[in-house]
Amino acid sequence: MLRDITLGQYYQTESVIHRLDPRVKLLGTILFFISLFCFSNPAGYAIALLFLAAVIITTHVPFSYMIKGMKTIVVLIIITVVINLFMTQGDVVVEFWKFKITKQGIVMAVQIFFRIAMLIVGSSIMTLTTTPNHLTDGMERGLRFLKVIKVPVHEIAMMMSIALRFIPILLEETDKIMKAQLARGADLESGNIFKRIKAMVPILVPLFISSFRRANDLASAMEARCYRGGEGRTKMKPLKYTSRDAVAYLVLFAYMVVSISVGRLDALKIM
Amino acid sequence: MMDIIRTKDVVYEYIRRDDEGAVTGITTAVDHVSLGIKQGDFIAILGHNGSGKSTLAKHFNAILTPEEGTVWVDGMDTLEEKNVWNVRQTAGMVFQNPDNQIIAPVVEEDVGFGPENMGVPTEEIWKRVEESLKAVGMYEFRKHSPNNLSGGQKQRVSIAGVLAMKPKCIVLDEPTAMLDPQGRREVLKAVHELNKLEGVTVILITHYMEEVTDADKVFVMDSGKVVMQGTPKQIFTLVDELKELRLDVPQPTLLAWELKKRGIPLPDGILTGEELVQAIKDLK
Ligand SMILES: Nc1ncnc2c1ncn2[C@@H]1O[C@H](COP(=O)(O)OP(=O)(O)O)[C@@H](O)[C@H]1O
Ligand SMILES: [Mg+2]
């Protein structure tokens, strides 16, 4: 039942993007996001779109696979676009019953649509081309500077990677408990929402108990293998920059300079 | 030769408290245990559920420290703070549930976890990971996710993870309890090879008696105490006492014992089917 849920939708190909250092991809995604909020004319969005398309082609991940995971978010996009379309004040273009569509509203809606769509595709490129453990490694190394202000970067990364390891195990266990309760006549599927939530209790309680037992066991096992935090720890697979990462940083820099300087030109504004 | 592990009058109690913190019960899980384990031996610790085996085992690598008495691992007192990490490196530990002791999402990374914690340089980690995985026959699975392995394979990965820390001694706490017969055979074979080929001291905790017939020495625990110790032959002669301790005697031993009770003059301490067959042939 629950096994169908896939986590971290990593898609294996042999592309350059896959082989980039995760730190490059993390910073790249963040900078791309920032750029999307700097544009004040359509030219900026056009450049971002071209850049994104170029990256998508380089990843060799099928575009259909990329947008498959986005179906659930479509509703969110539509709602946001519609709200912007109808709620923005300005020069009325169309009017029917109580609704007015303004010129500013159309511009705003189109802009929001491109922003959200590119945000989602942009971040999914990162998760599609980076394995979850590479991603946590990249965060640990890339955010190491935060240790200065006492952010427990190593611990957070360790927690994330343990969570990734245990989520499939816990899902399987939930499945087992559900079947066991169903076999005893538990009714999980009928009734209103409150009834169904109540029916979940006999599943969650054993799940919690077993999770605590697992956590306890795991802590013992980690201590027994000399785990004592990030201090004095070496890495089996340390992250190393290569020339390809330098090139990627250059491309990224060029994109930022071009897209933002063009995207903020007043001459290209439509309003 | 010096004992790799020695305990003297070790006592450990679990104290149960109610919500207000008042003591509602005390379980003496380990009760004045004194024993010595020789370097390079294959040791088995037997006992039914709740007899204190796990609690004692956790004393061997300083996950627990004694409330009374002393535990020395390779001469180091586990109560001394400065020894803790050396103790854990000397005596590695494999637990019962294979799912709850594999930390990394890829087999080879999990085996590298111990050496990483010890601060071993990167190249050396790779060498150790390769050697350890080969020693337990799991090298071809190094890139796999632990989630897709069988129980026996997961347990062998756990053993490799301990081996990569180059311990002198491995403590295995019921490593086969959750496995099918095939998995049990795989794990036991790996453990015996480690002992014979690499000279690692093995302490195997189990309640399957047939797993201990090859051991150099057997300790039997009951209510926190070591109630018997000796070679498997000596222990398995005491069928009545073992039954009283709620332990299942191996089938051939039991059969020989029943035959003997009915007046057939078989020798004591028969452990395997072959021995029994031989003994019966020798009767004529
Ligand atoms: N964490 C704990 N808290 C309280 N009592 C415990 C705990 N762990 C074990 N015990 C008790 O200590 C005794 C010995 O347990 P254990 O060492 O796990 O035995 P074994 O491994 O031989 O089954 C048992 O009576 C058990 O109930
Ligand atoms: Mg136990």
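Chain letters run A, B, ... following the sequence lines, proteins first and then strands; every chain starts at 1.
For the pair A:R228 (side chain) and B:M118 (backbone), a donor-acceptor distance under 3.5 Å is absent. At distances below 3.5 Å, at least one donor-acceptor pair connects side-chain atoms of A:T234 with backbone N or O atoms of B:V120. Under a 3.5 Å cut-off, the side chain of B:N117 and the backbone N or O of A:R225 do form a donor-acceptor pair.
Considering only heavy-atom pairs separated by less than 4.5 Å from chain A, the leading option among B:Q89, B:Q101, B:E116, B:R88 is B:E116. Of all the listed residues (B:A164, B:A62, B:S158, B:G161), the one sharing the greatest number of non-hydrogen pairs under 4.5 Å with chain A is B:G161. Counting heavy-atom pairs closer than 4.5 Å to chain B, the top-ranked of the candidates A:C226, A:A219, A:A224 is A:C226. When the candidates B:I103, B:I63, B:N61 are compared by the number of heavy-atom contacts under 4.5 Å with chain A, B:I103 comes out ahead.
Heavy-atom distances place both the backbone and the side chain of B:E108 under 4.5 Å from chain A. Residue B:M165 touches chain A through its side chain alone, counting heavy-atom pairs closer than 4.5 Å. B:A104 touches chain A through its backbone: at least one of N, CA, C or O sits under 4.5 Å from a heavy atom, while the side chain does not. In this structure, the portion of B:V129 lying under 4.5 Å from any heavy atom of chain A is its side chain and not its backbone. Interface residue A:I169: only side-chain heavy atoms are found under 4.5 Å from chain B. For chain A, the nearby parts of B:D110 are the backbone and the side chain; heavy atoms of each come within less than 4.5 Å. Within the 4.5 angstrom heavy-atom criterion, no atom of B:V87 approaches chain A.
Between B:K58 and A:E223 there is no salt bridge, since none of the side-chain N atoms of the basic residue sits less than 4.0 Å from a carboxylate O of the acidic one.
Other residues, nucleotides and ligands place more than 12 heavy atoms under 6.0 Å from the CD1 atom of B:I15. Heavy atoms from other residues, nucleotides or ligands lying under 6.0 Å from NZ of B:K127 number 12 at most. A 6.0 Å sphere centred on OH of A:Y241 holds more than 12 heavy atoms belonging to other residues, nucleotides or ligands. No more than 12 heavy atoms of other residues, nucleotides or ligands shown are found within 6.0 angstrom of CZ on A:F208. Summarising the local packing, NZ of A:K237 is surrounded by more than 12 heavy atoms from other residues, nucleotides or ligands at distances under 6.0 Å. Within a 6.0 Å radius of CD in B:E140, other residues, nucleotides and ligands contribute more than 12 heavy atoms.
In this structure, the side chains of B:N147 and A:F166 stay at 4.5 Å or more apart for every pair of heavy atoms. Contact of the B:P115 side chain with the A:M236 side chain is not registered, since no non-hydrogen atoms from C-beta on lie closer than 4.5 Å.
Interatomic distance, OG of A:S220 versus CG of B:L64, reported as 7.5 Å (0.5 Å rounding). Separating the CD1 atom in B:I102 from the CZ atom in A:R165 is a distance of 5.5 Å, to the nearest 0.5 Å. Between the CG atom of B:D99 and the CG atom of A:L218 there is a distance of 10.5 Å, given to the nearest 0.5 Å. Once rounded to the nearest 0.5 Å, the distance linking CG of A:D137 with CD of B:E109 reads 7.0 Å.
Across every non-hydrogen atom of A:Y227 and B:F113, the tightest pair is CD1-CZ, 3.6 Å.
Counting only residues at least two apart or in different chains, side chain to side chain donor-acceptor pair (under 3.5 Å) contacts with residues 203-213 of chain A comprise A:E173-A:S210.
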